[in-house]
Amino acid sequence: MSYDFKKVEKKWQEKWEKEGTFNAKDDYTLPKWYGLIEFPYPSGQGLHVGHPRSYTALDIIARKKRMQGYNVLYPIGFDAFGLPAENYAIKNHIHPRITTENNIKHFKEQLKSIGFSFDWSREVNTTDPKYYKWTQWIFIQLYKHGLAYKATMPINFCTGCKVGLANEEVVNGVCERCGSPVVQKEKSQWMLRITKYAQRLIDDLDDVDFLDKIKAQQINWIGRSEGAEVNFKLEGLDESLKVYTTRPDTIFGATYMVIAPEHKLIEKYKDKITNIDEVEDYKKKAALKSDFERSELNKEKTGVEIRGIKVINPLTNEKIPVWISDYVLSTYGTGAIMAVPAHDDRDFEFATKFNLPIKQVVAPKFFDEKNPPREGVENTKRHVVCDIIKHPTEDKYLVLSHNDRNWKNLVMGGIEKGETPIEAAVREMTEETGYYDTKNVYQINATTFDEFYADHKKVNRKIIQECVVIELNSLDKKEISEEEAKLSERVWIDKDKLYDYINIESQKFQIDMYFNNKAYCDLNNSVSINSDFLTGIDSSDAKNKAIDYIEEHKLGERKVNYKLRDWVFSRQRYWGEPIPMVYCEDCGWNPIPEEELPLVLPDIEDYEPGENGESPLAKQTEWIKTKCPCCGKDARRETDTMPQWAGSSWYFLRYMDPHNDKELASKEALKYWSPVDWYNGGMEHTTLHLLYSRFWHKFLYDIGVVPTKEPYQKRTSHGMILGGNGEKMSKSKGNVINPDDIVDEFGADSFRVYEMFMGPFDQTAPWSMESIRGCSKFLDRVWNLKDMVVDGDEFSPKFEKMMHKAIKKVSSDIEEMKFNTAVATFMTMVNEFYKEKQINKAEYKVFLQLLNPFAPHMTEELFKELGEEKDISQTPWPTYDESKTIDDEIEIPVQINGKVKTTIKILKDEEECVVKDKVRENETIKSLIKDKIVVKEIYVKGKIFNIVVK
RNA sequence: GCCGUCGUGGCGGAAUUGGCAGACGCACAUGACUCAAAAUCAUGCGGGAAACCAUGUGGGUUCGAGUCCCACCGACGGCACCA
């Protein structure tokens, strides 16, 4: 009799639904476990095969936790506000509420057909006024605590959707959803002050168990940097230009300043600027560039010098010019920078293009690990120069190859008193090589710093090594001393072999700098040079010393900056939560009284956004009219709505007490269920949803609403499922798999088992129709096992070890989300049972219990067929005996020189000497070592025996 | 450029964390059953005649390296003029 999955799965799904089998209990004395998956957006396409990967994984964990005695909350709901329903409405004139209702209905059927153990009694829907009442309530609390504010500022405006977007919704300068170009537009927007929480959003990651890559991405996104704000005085004016820098140690190398096109300095000193027309023209052009153009056109730097204004570098007291350029962002730091072209790639590029001076103030530090500087010996300094000597006619460079030691280096030597590096370089060249006829000699920004203990002189040495390029005019030579000639050979090396030929690190660096003209930006392993009181100090220390100096002399202050911006919270759209704010001519913006919540979204016919990107609600003149909550005069409602991220920023709290109409959830429920024990979702939500919801949660914690600082104790992430061709599933590629078809053809259990078996849970995996057939075959074999069942209340000796091992393996694999190897364990077990053509009742029961979270329908049915009264989901999770997972007799490999030659059988606790005897008696080993000398024997207990022979 | 992940048979992937590389599945081959096919069951399956060679490449540490270290190459994901 073959397995009729359609009948069986339907039967159990109906029973679970009718009895509410998996509903969480309101008994707060039980140990709890709260598992969460990201609730879906009910799109018209229906469920994607990616959804069940995450849902099945946590379903398995939830089912196991229930069997282990936990009161489990595994809820589901729908994140149903959002653009697709609204765009669909604009096209087809069907109210988004209708579309959403239909889609949700479809989603529910699909979800139920896969047999997830969700608590459907707690289903939430973000578009339900009973739900968004509390979304609005949270907004009002944010407003009351100064975290929501209205600001007119340039926002990202999608030319396609006609809507303002958060930075997070702009990808490569185009709209994340529709792909249209995004431009900047001035608009009055509601903003949320997430930046106030930036530091806590980083710090509190220490207390939670998130995958490292998730933490790293969040920290990266928040983008903390440490540095200083420094004031550069404007020459002849009582005003300073404030800049932000993370490298105050390079301030001696600041040779010009740059301000963003939007910087207010220009407006203020219009009259002083002698080329104001040129500057304003540049400003105008920059303003016209869209985000897309700004990021796309980042190849060539542009800019204009602001003539008539100079600033004073407060450390060098030099007068330096100010430029305007759009490579400086108005929205980060102070919108102005000090440019240090020698040590910043962008400044270097700009300075090179506009011929601005480049001054090296940081040198790489080379450290001889074999001869580190010692304590208590004399410190000596040497100032030397190194020559890059170019052949007059060929692309070759002169190198000295030493005869007495393995040194291959450029010509170098000490700079003598009163000599410039260039003079010294030429003198050294002539002394050591005889060449003197130069065409072109110049120094490059490639000075290095060496520090080591010089054994032959018993002193510590510090060497500053300048770098001079000499282009020879001819190979004419003077005599050189015999001594010099003996010391080394003079070799001409091809340009492309030079770097590898030289074996002195500092000179390799100089060669690299010479050929690949660039900025040197490394803060670590570097030293300040040409920097007055900072000279000789390690860069990371110099950075702090510089800030101390700046603060002492009132030139500026230490400052931390973040890349994270405040959250643009307004959308000029219909299908979202109305923002519960009212504007009155006299009182300004005020929230509506909380008793009036929810502020219900009015039913409308016309969903088109307004001309200027106004919300469709802006046309609802009757709805807009209201009274001021403060003075009672005529006032108007806010017509923008909230972004889709609003409803999902707190939904996990509502699940705890979803029908409460007094609070977003009761204190008791919040206390019992918080925090979410395990939250699984996609990596694509790491920087948006995850950060936003952590922010809201922290705010709710601050105002005493929730009991924990962090909403989620543990966060994991599933890999994407690709199409059969290894590409992302998409309609246009025709590689989309519909879950309904799979469930229809193979059944829910096969679908679940396959999605868990397809590969490591956190990695992407391509869909394979052949492989799911294999999983289906496996379940058929499980079904047919019932004809091999014999009596037995205990594990049979044959299978006892295997059963204990399997309980251990499956239990830990589930906790570690190694579902693929858990399924492999089941398959191996079934193969073993088939080999014996027998399985006893005790083994069969435990096998079904272990498999139940993966294949809940079939295992329930088989368990009942066995004559058990209870449902299998109501039985306790099997336990194992550690001592019974260890084999008494084991086979260990015997190696000779690390190569496996044979294996021997030993008892698990066999003494080393007994094992040794067994090895010695082994014929294979005997013959292999008979005319060799045994140098060493290594026995790792119960693992391996290795003989080292000569 | 920066951050992160990953390179193992024809394919998806295992490997107790430094100890028999290729578990388990797919595909393939052979056999049984069948008039036959499918399904099912059983057996085999990295390369090589063998010694041996094999975990992206080249070094290193170790009695022993897929696993650790260094340098490269390649793929994917995220960020990107953030000073």
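Lettering of chains follows the sequences in order, A, B, ..., and the numbering in each one begins at 1.
For NZ of A/Lys353, the number of neighbouring non-hydrogen atoms (other residues, nucleotides, ligands) closer than 6.0 Å is greater than 12. Within a 6.0 Å radius of CG in A/Asn516, more than 12 heavy atoms belonging to other residues, nucleotides or ligands are found.
Between B/G66 and B/U57, the distance separating the two C1' atoms is 15 Å to the nearest Å. Look at the C1' atom in both B/G7 and B/U34: the space between them is 47 Å, to the nearest Å. Separation of the P atoms belonging to B/C11 and B/G4 is 30 Å when rounded to the nearest angstrom. Remark: the separation of the C1' atoms in B/G48 and B/A38 is 38 Å, to the nearest Å. If you take atom C1' in B/A50 and the same atom in B/C68, they sit 34 Å apart, rounded to whole Å. Taking atom C1' on both B/G22 and B/G47, the two are 13 Å apart, rounded to the nearest angstrom. Nucleotides B/U43 and B/A23 have their P atoms positioned 15 Å apart, rounded to a whole Å.
Within the 4.0 Å cut-off from OP1 or OP2 of B/C81, not a single side-chain nitrogen or oxygen of A/Lys563 is found. Taking 4.0 angstrom as the limit, A/Asn946 places none of its side-chain polar atoms (N or O) nearer than this to OP1 or OP2 of B/G19. Within the 4.0 Å cut-off from OP1 or OP2 of B/C76, not a single side-chain nitrogen or oxygen of A/Thr764 is found. For B/G25, one of the phosphate oxygens OP1 or OP2 lies less than 4.0 angstrom from a side-chain nitrogen or oxygen of A/Asn831. In this structure, A/Lys777 does not reach the B/C24 phosphate: none of its side-chain N or O atoms is under 4.0 Å from OP1 or OP2. Distances shorter than 4.0 Å separate some side-chain N or O of A/Arg781 from OP1 or OP2 on B/A42. Residue A/Tyr332 has a polar side-chain atom (N or O) positioned under 4.0 Å from OP1 or OP2 of B/A83. A/Lys213 has no side-chain polar atom (N or O) that falls below the 4.0 Å cut-off from OP1 or OP2 of B/U5.
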message = Between A/Ile890 and A/Ile906, is the side chain to side chain contact (heavy atoms under 4.5 Å, CB included) condition met? List the steps.
response = CA-CA 6 Å; A/Ile890 49 175; A/Ile906 58 161; 3.8 Å; yes

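Using a 4.0 Å heavy-atom cutoff across all strands shown, A/Glu937 reaches no nucleic acid atom at all. Among the atoms of the strands shown, base atoms are found under 4.0 Å from some heavy atom of A/Val940. Across all strands, A/Ser768 comes closer than 4.0 Å to no nucleic acid atom at all (heavy-atom distances). Using a 4.0 Å heavy-atom distance criterion, A/Asp345 is classed as making no nucleic acid contact. Using a 4.0 Å heavy-atom distance criterion, A/Gly774 is classed as a sugar-phosphate-only contact. Residue contacts shown for A/Ser225 are limited to sugar-phosphate atoms, with no base heavy atom under 4.0 Å away. If you check every strand for non-hydrogen atoms under 4.0 Å, A/Lys941 touches nothing. Among the heavy atoms of the strands, none lies under 4.0 Å from A/Tyr562.
One can find a donor-acceptor pair under 3.5 Å joining the base of B/G19 and the side-chain atoms of A/Gln895.
Atoms CD and CG, from A/Glu684 and A/Leu690 in turn, are 11.0 Å apart once rounded to the nearest 0.5 Å.
Closest to the A/Pro893 side chain, of the nucleotides B/C20, B/G13, B/C41, is B/C20.
The distance from atom NZ of A/Lys809 to atom C1' of B/C24 is 11 Å, rounded to the nearest whole Å.
Screening A/Phe757, A/Phe833, A/Phe854 against A/Phe826 for a ring pair (Phe, Tyr, Trp, His ring centres under 6.0 Å) leaves a single residue, A/Phe854.
Here the two rings, on A/Phe350 and A/Tyr256, have centers that are under 6.0 Å apart. A centroid separation of 6.0 Å or more is found between the aromatic rings of A/Phe515 and A/Tyr499.
Classified by its glycosidic torsion, B/U8 falls in the anti category, the angle being over 90° from 0.
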